[in-house]
Amino acid sequence: MCSIIGYCSKGLAAAPIIVKGLKRMEYRGYDSVGVATESNNQIELKKATGKVDEVNLKVQLDSLPGKIGIGHTRWATHGKVTDINAHPHQSNSGKIAIVHNGIIENFEELKKQLENEGYSFKSETDSEVIANLLQKNYESTRDVKETIMKTVAEIKGHYTFVAMFENGQLAAARFHEPLIVGIGKDDYFLSSDVLGFIERTDEAIYVKNRNFVLMNSSGIQIFDFEGNETKSHIVKVSKEFADAYKGDYAHFTLKEISEQPTTIIKAGKKNSDEIAKAIDLIKHAKTLYITGSGTSYNAAVIAKYLFAKHAKIKAEIILASEFPFSPISIDQNSVVIAISQSGETADILESVDLAKKSNAKIISIVNNLMSSLVRRSSCVIGLNCGPEIGVAATKSFTAQLAIIYKITEELCDGCIGIDLKKVSDLISKLISNKSKIQLIAKELKEVTDIYVLGRGIHYPIASEAALKLKELTYIHAEGIPGGELKHGPLALMDSNVYVLIINPNDSTYDDTLTSAREIRARGAKIIGISNKSSDVYDHWIEIPTIDETMYPLIEIIPIQLLAYYAALEKDTDPDYPRNLAKSVTVK
Ligand code: AGP
């Protein structure tokens with residue numbers, strides 16, 4: 001996933017505004033950055049590997065001249081992380097520059113054709129073919145609209161690109177990747193995310209799929225891929241996007257962990273009608289599936305557990321990336337619950353499309369209410385937790401869980417008796433008592449392997465804990481269902497290993513403590529996460545006592561903090577872990 005931006009204004013310098021927009025969208029991809037601007041009918045370009053601030057310091061992206069420009073932050077898919085592979089890419093004539101997000105599936109074929117016609121390529125990217133194809137089509141049509149129509153008819157894949165022509169004309173085409181127009185007082189934006197322009201305007205047009213935009217300083221026009229002008233509505237974007245600032249926090253990740261006492265209360269709050277609709281759909285479903293990726297999949301596992309235990313409703317959980325390969329029977333009586341923070345994860349969109357082909361109904365539990373997933377869903381429940389910028393999901397996970405608890409509570413006529421206010425207070429206490437966690441984090445600095453053990457409902461939390469630890473610290477981490485220890489993982493236990501035991505004093509307690517003793521006997525160090533102390537723990541992270549069902553919401557908090565502080569010890573960047581992107585819009 002990458003971020004792209006296009007900007008044109010009547011009076012302001014484009015480059016500094018583009019750099020600011022890229023900085024706010026950096027979560028989408030952060031291995032290289034570039035900006036190109038137009039001035040006096042000439043395109044100038046600067047790009048390099050690194051994060052926005054680093055590259056700007058190195059090459060002064062923001063000093064490029066002109067009032068029109070494009071910019072990009074990259075998450076490499078085709079070709080290594082190098083200066084040459086960074087965007088923008090220029091066509092051979094230098095008269096067109098492009099930035100691209102997505103994948104051009106037929107780039108090899110197009111590249112060969114263009115090479116046969118005399119075009120040459122500098123980068124290993126699929127994106128550079130767009131620049132040369134645009135040049136070829138522009139030379140034959142001398143018309144930007146015709147050029148875009150011809151080009152989108154030739155490229156296959158999922159993409160949004162913004163092209164800048166040497167006369168300052170901008171054009172952007174959208175096919176299954178996001179594109180939003182920002183309308184300012186005296187300027188216009190093209191952007192992957194509202195965050196690209198929220199500092200300057202809250203008026204936006206969400207460009208429809210298979211549409212393209214022509215933009216210059218006097219206005220915009222939007223067309224479908226057949227060239228018919230399309231009507232688009234200007235919407236006011238929620239000011240909450242402006243919250244995407246770190247404030248006094250050192251990192252977004254810490255800010256987002258700290259927001260959880262509030263976000264679990266707000267989860268799904270604006271959506272009581274949609275929750276009622278979801279409950280009706282779930283109750284009447286002949287078959288119920290729950291899908292998600294990464295953290296959102298871990299939330300799905302908890303949903304399966306809660307629905308079965310408390311509402312006697314059976315659901316099948318499927319990793320979104322496995323959905324197309326799973327032998328499942330879906331029809332018009334099936335319901336698929338799709339869980340996703342971004343609503344843009346390619347695997348989840350593909351799963352939902354497959355389910356919709358069989359006329360299944362889709363309930364989405366999603367944070368980004370303008371996402372592609374929302375447009376595919378019959379019922380949408382918003383996480384309502386505000387923008388999550390840290391690549392590792394934290395507050396979105398607990399917001400997903402809070403909604404799942406609310407749904408379960410309705411499905412079982414109030415049998416759990418959930419009290420989210422109480423949970424919120426307990427989370428606040430856990431967050432304020434972090435000194436012990438910070439000390440333990442210091443010990444993890446040299447550790448190479450961490451295992452996380454949990455039984456029953458604590459197993460998906462063990463998986464989520466391992467995911468957070470590996471993302472933030474790059475330490476090898478694995479979640480293990482407690483009882484499986486003796487079926488293999490015990491062979492890995494020795495004095496170099498740390499094991500986190502998720503062990504609240506509930507029905508899983510005794511068995512999990514036995515596993516902890518077996519591990520201790522092999523010399524591994526044990527960190528117990530429990531409301532009850534034990535001599536088996538080398539370190540005890542105390543959590544408060546609560547009803548057994550509610551522990552998942554509590555026990556993940558100290559682990560998020562541990563992963564965050566261990567990342568600081570290891571000097572990794574907790575907000576932007578290497579090789580990752582916030583939402584994975586490629587397969
Ligand atoms: C979580 O920390 C990860 N960054 C990742 O596993 C994420 O949960 C996954 O890619 C799914 O994203 P989504 O919720 O936006 O669909």
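Just the heavy atoms: all of them, side chains too, but no hydrogens, waters or symmetry mates, feed the values below. Numbering of ligands and ligand atoms starts at 1, following listing order. Please read these numbers as outputs of a predicted model, since none were measured by experiment.
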| field | Atom pair OH/CG of Y564 and L469 - distance to nearest 0.5 Å | value | 15.0 Å

Numbered atoms and elements of ligand 1 in range of [X], under 4.0 angstrom, heavy atoms:
{"X": "A393", "answer": "1 (C), 2 (O)"}
{"X": "A392", "answer": "2 (O)"}
{"X": "T345", "answer": "12 (O), 13 (P), 15 (O), 16 (O)"}
{"X": "K468", "answer": "1 (C), 2 (O)"}

[atom] [closest protein heavy-atom partner, distance rounded to 0.1 Å]:
{"atom": "atom 11 (C) of ligand 1", "value": "S293 O, 3.3 Å"}
{"atom": "atom 6 (O) of ligand 1", "value": "G294 CA, 3.2 Å"}
{"atom": "atom 1 (C) of ligand 1", "value": "T295 OG1, 3.0 Å"}
{"atom": "atom 15 (O) of ligand 1", "value": "S342 OG, 2.7 Å"}
{"atom": "atom 10 (O) of ligand 1", "value": "V584 CG2, 4.2 Å"}

| said: Less than 3.5 Å apart, any donor N or O on the side chain of S293 or T345 sitting next to an acceptor on the other? | reply: no

| query | Judged by modelled atom types alone, do T49 and S32 share a side-chain donor-acceptor pair under 3.5 Å? | reply | no

| said: Looking at ligand 1, is there an atom of it that comes within less than 4.0 Å of some heavy atom belonging to V391? | reply: yes

| query | Does ligand 1 have any atom sitting under 4.0 Å from a heavy atom of K582? | reply | no

Give a yes or no on whether a salt bridge exists between [X] and [Y], defined as a side-chain N under 4.0 angstrom from a carboxylate O.
{"X": "K470", "Y": "E478", "result": "no"}
{"X": "E388", "Y": "K582", "result": "yes"}
{"X": "K395", "Y": "E259", "result": "yes"}

| task | May I ask you to check whether H476 and Y451 place their ring centres under 6.0 Å from each other? | result | yes

| message | Is it the case that the ring center of F107 lies less than 6.0 angstrom away from the ring center of H78? | response |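 Here the rings of F107 and H78 have centres that are less than 6.0 Å from each other.
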
| Shortest heavy-atom approach to atom 2 (O) of ligand 1 - which of Q400, E471, E344 |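 Comparing heavy atoms across Q400, E471, E344, the nearest one to atom 2 (O) of ligand 1 lies in E471.
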
| request: Please tell me if the side chains of D347 and T291 come closer than 4.5 Å, counting only heavy atoms from C-beta onward. | output: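 Of all side-chain heavy-atom pairs linking T291 with D347, none is under 4.5 Å.
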
| query | Can an N or O of G343 be found at a distance shorter than 3.5 Å from an N or O of ligand 1? | reply | no

